[in-house]
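Each remark here refers to the structure printed beneath this line.
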Amino acid sequence: MNAMTMTRTLAASPITLALCALFSVSPAMAETALSEVTVTATREGQLRSEAPATIGVIPESAVRETRPSHPSEIMGQVAGVWVNVTGGEGHQTAIRQPLTTNPVYLFLEDGIPTRSTGFFNHNALYEVNLPQAGGIEVSKGPGSALYGSDAIGGVVNVLTRKPPARPEIEASLEAGSHGWRRGMVSGGSTHGDDAWVGSLNVTHTDGWRDRTAYDRQAGTLRWDRAIGDDALLKTVLTFSKIDQQTAGSSAISYDDYKHDPTTNYTPISFRKVSAFRLSSAYEKERGNTLLSITPYYRHNSMDLLANWSLSYDPTVYNTSNQSFGVLLKYRVDFAPLRTRLIFGADIDYSPGSRSENRIATTTTGAGFTRIYTAYTQGARIYDYDVSYRGISPYVHGEFSPSEHWRVTAGLRYDDIRYQFDNRFGTTPINPVAGVFYGQAGDGGLHYTHWSPKLGATYAFSPALNGFVAYNHAFRAPSEGQLFRPSSANTALRAEQQAQAALQLKPIKVDSLEIGLRGKAGATMNYEVSLYRMVKTDDILSYRDPVTNASTATNAGRTLHRGIELSLGAEIAPLWRIDGAFSYVRHEYEQWRIANTTDYSGRVMELAPRTMGNLRLTWGNAARGTLQAELVHLGSWWSDQANTVKYDGHNIINLRGSYPLAKDTRLFANVHNLADKRHAESTGVSAGNPTYAPGLPRTLTVGIEAKW
């Protein structure tokens, strides 16, 4: 049952009225405005035409049709977004940034951060039950004025599914290449003032490369309760457990990439992840005001043997953190000029810990193609507790000086503190395998920052809308950047690196953006945006070209510019075409590391100049559907010195479904139809180009039924 049908069915029920209040859309408007509403721009329902930002929306229907086995298979439907595969469901993200593991994105679930700022994980989307989501919204560019630290490249908000109007169960089973198996089941109902929906996802694959199997269990439970005629309580519980052998971005030589891509130089690596989140959002709308109170709890833990550092800093470690927080918001509307004011505060307290041991490895071969076959655990090198605390009040305002204009402004103040307790003291650890590990002393770090924003939209006509926006953003350093410095070959150097890490400055960003969005006729919609971002004190990882060791450091300035275009149209009965394209340039405007190393003016690595996604779809639910997808990534530099370039690639995917009966259908996906050899990422090791190979031609088939 689609959302419009549900609205008609429940038009008079208390829970429907409460849901409409939550999203600030009247029941009468729900049918006509639903496709134009975003919940990410202001943390509640707002017409996209009145949001001075580029927000890509992947509806629930697209999630269901795509059935992604990995976030990379659906996120590229948004212009300017590239999510790659690092192993299992691990990933790196590029949104108005090069592909990176750095903490420059904010990942949300129903508007609540999936992790604390202090404990960022670039693999955040594997901690969310993405294949059973109710939609995905990507707000591109800085969002710090509303969301705080992290929201530099963009905000990714994964929405949970809404409960169905009447009792409903659906289940699917699928199998495919490389031992792929997945079962998903969901069900829910509405009864009086209560509605609920639950989902469960169980996945296994043997992996297509050597020793890359993984298992995943994920679930979501949502309960909506209408309280009277003007309030709603939405409680969401989610969990994910992942156990994977992770070749990840285990890059290999060009010869192996071309002739033996299944080889894995780091078969001993692994990753075990546990994520749990519980939130309860109370929303009460009375007259022209809305009060929102959302307490939440999170628990995250990870055991990891990292493959990327085996050649220079082999370790095994555990990180763990909890979060206790609340999101507070009060909104008031005024009749004059359609004025709206939002006052809010985000409070987060997240205690965490890290324990890490050096390992001794057994290898075969030599150089950058050596294979790590076994390991033994050695001495403890890091053992500490660290607590993150953030208190962030903000104000957001909107008004319409005329029928066509909508002006938006906002300001946020972030007060961030870390409290650190080192069980080792402050002296570097005695040499372990010839290297030292610098230690920070007990104490605290404190960051404060103001983040403003200003934007406006203009309605040229009912079918054409434009916007312009200025946003300022920042990102405080994360726990790992501050308290876990790189190893060193002397005690003095280790101590210097530990002190240098504590001196890292927050990243600051200034962004200008202008855009147009509209409709042509009754069947075509489009959006185009241009942006220019300047980052100062960018926290970048300087990678030694000889040892491959990585050290976090503040760069001077980086410059990010681009144009993004998305469009969709019905071109004939039963036929539809959708596209997402971007042309960008990311460069080190000023980055001088030493007297002999100056990357100023160089293009940033892992930053394709062009990206595209084109989908041609035929059919409907009654006849079945067939979709062909072209994924394009242009060339990029593999290293910071711009000495090795990857040519880019084009991948063709095919997916379809066929109804066997009214509520039963077969489906199939073919990834990389032409079996194109391609790289998910590239690099340079000891002067040699390396490639992390992407998935070959892969078939998945399944059956889905509803009751």
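Being a predicted model, the structure only gives us computed values, none of them experimental.
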Should F324 and Y297 be marked as a ring-ring contact (aromatic ring centres under 6.0 Å, His included) after you check the CA-CA gap, both sets of side-chain angles, and the distance that decides it? CA-CA 5 Å; F324 306 88; Y297 170 78; 5.3 Å; yes
Spell out, as yes or no, whether a donor-acceptor pair under 3.5 Å connects the side chain of [X] to the backbone of [Y].
X    : Y    : value
S269 : T266 : yes
Y382 : P485 : yes
R475 : P103 : yes
D313 : L310 : no
R115 : L106 : no

For F483, ring pair (Phe, Tyr, Trp, His ring centres under 6.0 Å) partners two or more places apart: Y418, F420
Mind checking what makes ring pair (Phe, Tyr, Trp, His ring centres under 6.0 Å) contact with H91, not counting sequence neighbours? none
We want to know whether [X] and [Y] form a side-chain donor-acceptor pair, criterion being a heavy-atom distance below 3.5 angstrom.
X    : Y    : value
N422 : D442 : no
S116 : S323 : no
T117 : D150 : yes
D255 : S253 : no
D110 : T160 : yes
S638 : T682 : yes
T114 : E127 : no
H204 : D215 : yes
Y265 : D256 : yes
D385 : S387 : no

Taking the six-membered ring for Trp and the full ring for Phe, Tyr or His, determine whether the centres of [X] and [Y] are under 6.0 Å apart.
X    : Y    : value
Y254 : Y691 : yes
W82  : W636 : yes
F474 : H449 : yes

Identify all side-chain donor-acceptor contacts of residues 368-375 below 3.5 Å with residues at least two apart in sequence or on another chain.
| unit_1 | atom_1 | unit_2 | atom_2 | d |
| --- | --- | --- | --- | --- |
| T369 | OG1 | A366 | O | 3.3 |
| T373 | OG1 | T362 | O | 3.0 |

Those residues that, when tested against H586, pass side-chain hydrogen bond (donor to acceptor under 3.5 Å, both in side chains) (two or more places apart): H560
Set of residues satisfying side-chain hydrogen bond (donor to acceptor under 3.5 Å, both in side chains) with respect to Y413, sequence neighbours excluded: none
Mark yes or no: R354 above the aromatic ring of Y317, with NZ or CZ under 6.0 Å from the six-membered ring centre and no more than 45 degrees from the axis. yes
For the student: nearest non-hydrogen atoms of S177 and T698, plus distance: CB-CG2, 3.7 Å
Not counting sequence neighbours, list each pair that qualifies as a side-chain hydrogen bond (donor to acceptor under 3.5 Å, both in side chains) and has a residue in residues 272-281. E109-R277, T235-S280, T238-R277
Salt bridge check, D415 against R417: does any charged N sit closer than 4.0 Å to a carboxylate O? yes
Is there a salt bridge (charged side-chain N to carboxylate O under 4.0 Å, His left out) between R484 and E479? Walk through the geometry before answering. CA-CA 7 Å; R484 203 298 185 190; E479 165 267 326; over 6 Å; no
